[in-house]
Amino acid sequence: MVRGKTQMRRIENATSRQVTFSKRRNGLLKKAFELSVLCDAQVGLVIFSSRGKLYEFASSSMQEIIERYKKHPKDRVQPENQVGAQHMQQMQHEAASLMMKIELLETSRRKFLGEGLQSCTLQEVQQIEKQLERSVSTIRARKIQLFKEQVERLKEKGKILAAENAILREKFGGLQQRETPSEEKEGEAVCTDGSEKSDVETELFIGPPECRVRRL
C-alpha cells in the first residue's frame, strides 16, 4: 500500500494526533541521539506535549547546554531580513556621514574663494586669512624651486652647447691648416707669372722693325 503525503496541518482527531506525536517524538529523540554520537556534537532537545508533559534529551547536561546557549547569543543565526535591514541602516548612516563631509568641504572651498563670508566671525576670517597666507607661501616656495630647476637645466644645456662649439672650432682650425699650403702655392704661381710677363716688351712701336719709332 502506497503511503500518501501528509498534509502539514493540525490533526483534528485526538487519538490520531496522540499516536502521531508518540511516533514522531521517538523518531526525533532517536535522531538527536544519533547526531550527538556520530558527529560528537552537544545536543539538547526539549519537547512539551499538548497536555504539558515534558520530554527531553541532552548529550551531556541539559543545564550546561542551556548555559552555553545563553553565553553565546551573538553566534545565533539571524534572520535574513534582519541582516538586510541592519546592512541597509549601516549604509544609510555612512551615506549621511559622507554627505555631511562633502557639505563641509564645499563650504570651506567657498570661503577660501571669498564667498559666503557674511556668516563668519572675526576669528574665522582671521583663520581663513592665515590659511591663505600659508598656502601662498607654499606656492611661492614651489615656484622658486621650479625656477632654480629651470636655471640648472639651462646651465647644463649651455655647457653642452659650449662643448659642441669647442669641437666645431677644433674641426674648423684643422681645415684651415690643410687649406693654407695650397693657397701659398697659388700665390707663388701668381708671382712667377708676373715676373715672366715683366721681361716682355710692353712698349708700342709703329713701322717696320728696322725703322721703328717709339711712340711716346
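Applying the side-chain hydrogen bond (donor to acceptor under 3.5 Å, both in side chains) test to Arg140 and every residue at least two apart in sequence or in another chain returns nothing. In terms of the side-chain hydrogen bond (donor to acceptor under 3.5 Å, both in side chains) criterion, residue partners of Gln131 (sequence neighbours excluded) are, by chain and number, Arg134. Taking the side chain to side chain contact (heavy atoms under 4.5 Å, CB included) definition, one finds that Gln63 meets it with Ser61, Glu67, sequence neighbours left out. The side chain to side chain contact (heavy atoms under 4.5 Å, CB included) check on Ser50 picks up nothing, with sequence neighbours excluded. For Glu106, the side-chain hydrogen bond (donor to acceptor under 3.5 Å, both in side chains) partners are Arg109, not counting sequence neighbours. Leu45 pairs by the side chain to side chain contact (heavy atoms under 4.5 Å, CB included) definition with Leu28, Leu29, Ala32, Ile47, Phe57, not counting sequence neighbours. Residues passing the side chain to side chain contact (heavy atoms under 4.5 Å, CB included) test with Ser16, sequence neighbours excluded: Ile11, Asn13.
Note that CG of Leu132 is 10.5 Å distant from OG of Ser137, once rounded to the nearest 0.5 Å. One distance of note links OG of Ser108 with CD of Glu103; it measures 10.5 Å at 0.5 Å rounding. Between atom CD of residue Gln127 and atom OG1 of residue Thr121 there is a gap of 9.0 Å, rounded to the nearest 0.5 Å. The CZ atom of Phe21 sits 10.0 Å away from atom CZ of Arg51, with the distance rounded to the nearest 0.5 Å. Remark: Ile144 CD1 to Ile139 CD1 distance equals 12.5 Å, nearest 0.5 Å.
Met62 belongs to a hydrophobic cluster whose other members, connected by ILVMFWY side-chain contacts under 4.5 Å either directly or through intermediates, are Val46, Phe48, Leu54, Ile66. In the hydrophobic clustering (ILVMFWY side chains linked at under 4.5 Å, chained through shared members), Leu146 stands by itself.
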In residues 154-163, what donor-acceptor pairs under 3.5 Å come from side-chain atoms, sequence neighbours left out?
none

May I have the list of side-chain donor-acceptor pairs in residues 89-101 shorter than 3.5 Å, sequence neighbours left out?
none

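The backbone N or O of Ser59 sits nowhere less than 3.5 Å from a side-chain atom of Ser36 that would complete a donor-acceptor pair.
Side-chain contact between Thr107 and Lys111: present, with at least one pair of heavy atoms (C-beta onward) separated by less than 4.5 Å. Looking at Lys30 and Phe33, their side chains never come closer than 4.5 Å, going by heavy atoms from C-beta outward.
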Worked check of side-chain contact (heavy atoms from CB on, under 4.5 Å) between Glu129 and Glu133: CA-CA 6 Å; Glu129 183 181 8; Glu133 289 176 354; 3.8 Å; yes

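Applying the salt bridge (charged side-chain N to carboxylate O under 4.0 Å, His left out) rule to pairs touching residues 6-19 yields Arg10-Glu12, sequence neighbours excluded.
The neighbour count for Glu149 CD, taken as heavy atoms of other residues, nucleotides or ligands under 6.0 Å away, is above 12. Around atom CD of Glu124, more than 12 heavy atoms belonging to other residues, nucleotides or ligands sit under 6.0 Å away. Counting heavy atoms of neighbouring residues, nucleotides and ligands inside a 6.0 Å radius, atom CG of Asn165 exceeds 12 of them.
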